[in-house]
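Here's the structure, in structure tokens; my notes come after.
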Amino acid sequence: MALLNGKHVLVEKPMTMKSEDARYLYDMSKRLGLFVGEGMWTRFFPAVEWTRCHLGDGVGADYDDEDDVVPIGQVRVVQADFSIDGEDVGPYPSDSLYAAELGGGSAWCVLPYIVGAAKLPFDGEPDKIAANGIVPNDDMVGDVAMGMTLTFGNNNTGSEVPINSLPGPGLPGDKSIASGVCSYLAESSEITMYAAKMGRITVAAPAHCPTSATIVRKSAGERGNGTTSNAPGGKADCNNGTHTVHFPLPESTPEIEKSGGIKLPNSMGFIYEAEAVRRLIAAGQCSFPQWTPEESVGCIRIIEEMLRQVRE
């Protein structure tokens, strides 16, 4: 309706509950020359942009990197979690948080963050999707927990840099794996970790709206580097050791405080997304580069497949 009346659109995730519907809206916006974006606000936090700069070869992030920290190379392992205590939000099963017909359930409300974190280092879609979950025996109620494993083949996150001079062919160089859990059962630590041959990056909690990230370098042929070593900052031969960056949130305004203030963690970070929308509309762009239509549609498609598996 908004598009047909010449209005730009920013919509909360999930944009739709069917991937083909999301694709239709993106195609329509391009045809009409209007902006449409799915509100994956996580992608606009500076800590996430910094992380993207240091995954793979560090190419493709919209972030002015001046810290001279070397990227960690091809990401091989991703781990992410985001669970809340649903009863902190509203009573089960009457609250809209659980209402299947309204898009309730952890798969649609929380899982997009986990899928988005898993997809950050990779070009294209996963070649395998495996899901498990807890779905009440009630068609009116959505799932309360989802677990996923995604494998990515022939990913393009950066050239693999061999750091172990061991005999033999080595591990397969074109496969990576991502795992994650979301739920309404209890509040989790909510940390995201990306691991590669040359180190790992941890996006600090709350990882869906983070203000800091840490890179830990990996020494050649050694285990227990960086924060897992007894030596502060990593072993002496660990290139650059441990490096943490912090990005303070924008300050609140009198108008925001007068209206009741911020209720959820780090919500001042919505400014990052809002400013991106302003810039893109002014430039005549129809979609986000930080969360592309392909990523948006692909995320919905992954969740559709996961729900199909757990409901079988």
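Distance alone, capped at 3.5 Å, is enough to place a donor-acceptor pair between the Asn5 side chain and the Met1 backbone. A donor-acceptor contact shorter than 3.5 Å is absent between the side chain of Ser19 and the backbone of Arg301. The backbone N or O of Phe82 sits nowhere less than 3.5 Å from a side-chain atom of Tyr113 that would complete a donor-acceptor pair. Of the possible polar contacts, none joining the Tyr26 side chain to the Asp21 backbone as a donor-acceptor pair under 3.5 Å is found. Side chain of Arg200 to main chain of Tyr194: no donor-acceptor pair is present (N/O by atom type, distance under 3.5 Å, no hydrogens or angles). Judged by distance alone, the side chain of Ser183 and the main-chain N or O of Ala145 form no donor-acceptor pair under 3.5 Å. Distance alone, capped at 3.5 Å, places no donor-acceptor pair between the Ser296 side chain and the Thr292 backbone.
Tracing side-chain contacts under 4.5 Å through hydrophobic residues (I, L, V, M, F, W, Y), one reaches Val11 starting from Val110; they form part of the same cluster.
The environment of CD in Glu187 is sparse: at most 12 heavy-atom neighbours from other residues, nucleotides or ligands sit within 6.0 Å. Heavy-atom contacts from other residues, nucleotides or ligands closer than 6.0 Å to OH of Tyr24 number 12 or fewer. Atom CG of Asn132 is surrounded by 12 or fewer heavy atoms from other residues, nucleotides or ligands within 6.0 Å. Enclosure of atom CD in Glu257 by more than 12 non-hydrogen atoms of other residues, nucleotides or ligands within 6.0 angstrom is indicated. Residue Asp139 places its CG atom among 12 or fewer non-hydrogen atoms of other residues, nucleotides or ligands, all under 6.0 Å distant.
Across all their heavy atoms, Asp127 and Lys175 have their closest contact at OD2-NZ, 3.1 Å.
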* **Criterion side-chain contact (heavy atoms from CB on, under 4.5 Å) on Val310 and Met146, from CA distance to verdict** => CA-CA 9 Å; Val310 300; Met146 293 288 286; 4.1 Å; yes

* Stepwise salt bridge (charged side-chain N to carboxylate O under 4.0 Å, His left out) test for Arg23 and Asp27 -> CA-CA 6 Å; Arg23 183 74 267 172; Asp27 290 344; 3.3 Å; yes

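Within the model, atoms CE of Met198 and CZ of Arg217 stand 6.0 Å from one another, a figure rounded to the nearest 0.5 Å. A distance of 10.5 Å separates CD of Glu295 from OG of Ser287, quoted to the nearest 0.5 Å. Distance CG/Asp81 to SG/Cys182: 10.0 Å, rounded to 0.5 Å. Atom CD of Gln79 is separated from atom CD1 of Ile114 by 11.5 Å, given to the nearest 0.5 angstrom. Atom CD in Glu38 sits 10.5 Å away from atom CG in Leu25 (nearest 0.5 Å). The NZ atom of Lys218 lies 8.0 Å from the NZ atom of Lys197; values are rounded to the nearest 0.5 Å.
Aromatic ring pairs are classed by plane angle as parallel below 30°, tilted from 30° to 60° and perpendicular above 60°; the pair Tyr92 and Tyr98 is perpendicular. Classification of the Trp41-Phe45 ring pair by plane angle, with boundaries at 30° and 60°, yields perpendicular.
Aromatic pair Phe44/Phe270: centroids not less than 6.0 angstrom apart.
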